[in-house]
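Reminder, nothing fancy here: chain letters follow the sequence lines and each chain counts from 1.
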Amino acid sequence: MKMSQLVGKRIKEDPRDAVTPSHKFILRGGYARQVSTGIFSLLPLGKKIVDRIENVIREEMNRIDGQEVLMPVVLPAELWEESGRYQSVGQELLRFKDRNGKDMLLAMTHEEAVVHLLRTEVNSYKQLPVMLYQIQTKYRDEARARGGLIRVREFTMKDAYSFHTSQDCLVKYYERAHEAYVRIFKRLGMKNVLSIESNSGMMGGKVSHEFMAVSEHGEDTIFVSPDGTYRANREIATAAWKYTKEPAKALQKVHTPGKESIEDVAAFLGLKPENTGKAVFYRDGEDNLIFAMIRGDFEVNETKLGNFLKVPELAFANDEQIRAVGAVPGFASPLDLDRKKVRIVVDRSIAESSNLVVGANEADYHYLNFNFDRDLNGVDVTDIATVREGDPCPVTGAPLQLARGIEVGNIFQLGTKYSESMDCRYLDENGKSHPMIMGCYGIGVGRSMASVIEQSHDDYGPIWPITIAPYEVHLCSLTPNKDGVGETADKIYRDLKNAGIDVIYDDRGEKAGFMFNDADLIGVPFRLIISPKTLAEGKIEFKRRGEKDVILIDLAALVDTVKSAVADEYRKYE
RNA sequence: CGGGAUGUAGCGCAGUCUGGUUAGCGCGUUUGACUGGGGGUCAAAAGGUCGCAAGUUCGAAUCUUGUCAUCCCGACCA
C-alpha cells in the first residue's frame, strides 16, 4: 500500500472528545471515525486490523471444532418472547416495528437465533456435541457509550454456542474453549489478560468467566491475590474477613440527636464505624422492601444481594417506603420491624461481630450492644459485602490487589435456560427427549483492538503486535527525488511484496519528521528507511517500532533479512 | 435517568463576562519556491448560516428562554 493513496488522515492534535489512549490513537491514526455516540465507521487501517483479529479468532474457533454461521441482526420479537427476554431485558434492547407493524428487534446477542437454527437442524444425540459461531454485528442501546471503541452501541462480536447431551460434556468443552481463549489473546498480543470468575447476570446459567484485559482505563474492577491464584470481578469477589466476638453486653438505648450517618453516630459515641451496624433499604422490581444489614465499615454489594434474593433489579428505597414498613430513616433498626412487610438480610460481618451500635427505630435514638445471636433470629445470613483493596484473599489470605480491566471476552455454562424455554431438544439412545445443554462464548472484536492499544503504546502511537498490525513493514523513502532513493525504494517495495511481505510504503516525499510521526501512529512493527545518507554505501536502515536502535543492512540482503525478522516476530505470539 | 462540561472553518482553539462596521489564530488543504533525519521556511489562495429555534435590541457568536448534539463521572449493563 502506498501512503500517497491511503484513505484516512493522521491528526496531529488530540481530538477534543478523546480521553483514553486507545480512543485518541484510533482517531489520530486514522483507524476509525465516530458517526454518533458509540457508533463508528472503520477506515482502511482499522478495517485491516479488525480483519486480522477476526482471522485469529476464526482459526482458534475452528481448532475447537467450531462451525461458522451467520445469523441476522434483525430478529422478530416473537423469537425473544419464546425465551422470555423480550420482556425481561430493558431498554438496552432496541425494539422497533416493521412496515406491517410487526414487532422487531436488533439482536444484542444470539442465543434465540442459534436455538432457532439448531432445534430444526439437530435432533439426535448422534449429532452432538456441536458448536456454532459467528463474527457479526450486535447492537445494544447502551445508556452511556464511552471510551472510544471500549464501550460502543454497535459492535462486532464473535459469539459461539455449544450444545451438549450432558453437563460433563459441557464442562469438558468449556475447558477447551477457555484454552482457546487463552491462545487467542496471546496471539492478539495482549500483554495482560486475566480470566476471572464473574457474575452470570442476565444470561442465566451458573459458571462463567470473564477475560479481562488489565488496563487503568478498564470499566470493571477486579480483585487479584498477589500470586494470582484468586481472581474475581468486584461484583462477586469475596474475602476471608476475620471477626472477633466479645462477651455480649446488655442492650442499651442511647440518645443520639441528629446523628443519622454511620460516621456521625460512631464519632458521637466515641466508637469506630466497625462497631456499628448499617441499615440499607432496597426494593425489588415488585416493590417488596429489603432491609440489608452490614457492619458500618462495609458497603453492600448489590450484585451479591440480588443473586441471593434471586431478583434481577434492586433500587434504593426512598424515605417514604422505609417509613411505610415502620422503620425510621437514619435510625432504622432490625429489632422491631414487621417481618411481614420487610425481608431482613444480614451480612456475616454482623452475625460474627458483637456489641454493635444499631438504630432504635425511633428518631434520635440508637441501641448499644446489639448482638446478632441474642437479639435477632429467623433472618437470612449471607455474604453481601463489597470487597475492598487489601482485604484478605479467600484462598491465600494475602491482601487482595485491585485492578481495572476491559472485558474482552467471556464464557458461560448456560445450561438449559434457552433450550427448555425454546424447546431445543434431542432424542437419546432410548428415544427419550431432553433439552440440550448449552454453553456460550463471546469476544468483542473492536474492544480487543482498543485493549491492545491500551496495553501497547507510547507517546507517539500504538505499537501493534505483528499478528494484527495493519502491515508488517513500513517503508520510508527520504528525499525520493535525490540520488536514486525513490527508484530504489520503489524496487524494494516491489521486491518485498513479491516475497510475501505486507508493506506500507511512504512514497509522499514529505519531511522525515513528518513521515516518522505518521509511521509511529500507524504502529507497524518494522521500519525500513531509504535515504541518500546510507544508500551511497549500499545500506538500508532497519528498526523496530518503539525502539531507538537502528541496524544497517546491505541492500543485497534486504529481502532475506526482513523475511526472517518478520518470521521470528510471528513466532513470539505462537 | 442524576451530576458536571463543551458546541465558532477539516482538526485544535481565542473571542462571549462588559452586544457595535468586514469573526480571528495555529495546524491541515490547494499553488509556487526554497528545503530535507522527528510534524521546516517564505509567498499566495480556498474554506464559516458562530449547533438549532424563538426572543430582547437600532444592532447578537456575545444577553434571555427553549431545544439538539457530544464528552466526562455516576446509575444501568450478555
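Residue-to-nucleotide proximity on RNA chain B shows that, of A:R527 and A:G444, the 5′-proximal contact is made by A:R527.
Among B:U6, B:G37, B:C73, the nucleotide with an atom closest to any side-chain atom of A:R146 is B:C73. Counting only heavy atoms from C-beta on, A:K12 has its side chain closest to B:G39 among B:C71, B:G39, B:G12. With B:C11, B:C76, B:G28 as the choices, the nucleotide that has an atom nearest any side-chain atom of A:I11 turns out to be B:C11. Closest to the side chain of A:Y460, out of B:G74, B:G37, B:G38, is B:G38. Proximity note for A:R28 (side chain, C-beta onward) versus B:C72, B:U70, B:G39: the nearest is B:G39.
Shown here are the ring pair (Phe, Tyr, Trp, His ring centres under 6.0 Å) partners of A:H164, two or more places apart in sequence or in another chain: A:Y173. Applying the ring pair (Phe, Tyr, Trp, His ring centres under 6.0 Å) criterion to A:F163, with sequence neighbours excluded, gives no partner residue.
Comparing the C1' positions of B:A45 and B:G28 gives an interatomic distance of 14 Å, to the nearest angstrom. Spacing of P atoms, B:U57 relative to B:C11, comes out at 36 Å, to the nearest Å. As rounded to the nearest Å, B:A9 and B:G24 have C1' atoms that lie 11 Å from one another. With C1' as the reference atom, B:G40 and B:G26 are 15 Å apart, rounded to whole Å.
Under a 4.0 Å N-O distance rule, the pair A:E299/A:K278 qualifies as a salt bridge. The residues A:D220 and A:R404 are annotated as not salt-bridged, no charged nitrogen and carboxylate oxygen being separated by less than 4.0 angstrom. A salt bridge links A:E82 with A:R119: the closest approach of a Lys/Arg side-chain nitrogen to an acidic carboxylate oxygen falls below 4.0 angstrom. Ion pair A:R28/A:D14 flagged as a salt bridge, since at least one NZ, NE, NH1 or NH2 atom sits closer than 4.0 Å to an Asp/Glu carboxylate oxygen.
In this structure, A:T37 reaches the B:U70 phosphate: one of its side-chain N or O atoms is under 4.0 Å from OP1 or OP2. A sub-4.0 Å separation between OP1 or OP2 of B:U8 and a side-chain N or O of A:R16 is present.
Within residues 507-525 of chain A, the residues approached by RNA chain B to less than 4.0 Å at the level of any non-hydrogen atom are A:G509, A:E510, A:K511, A:A512, A:G513, A:F514, A:F516, A:N517, A:D518, A:D520, A:L521, in residue-number order.
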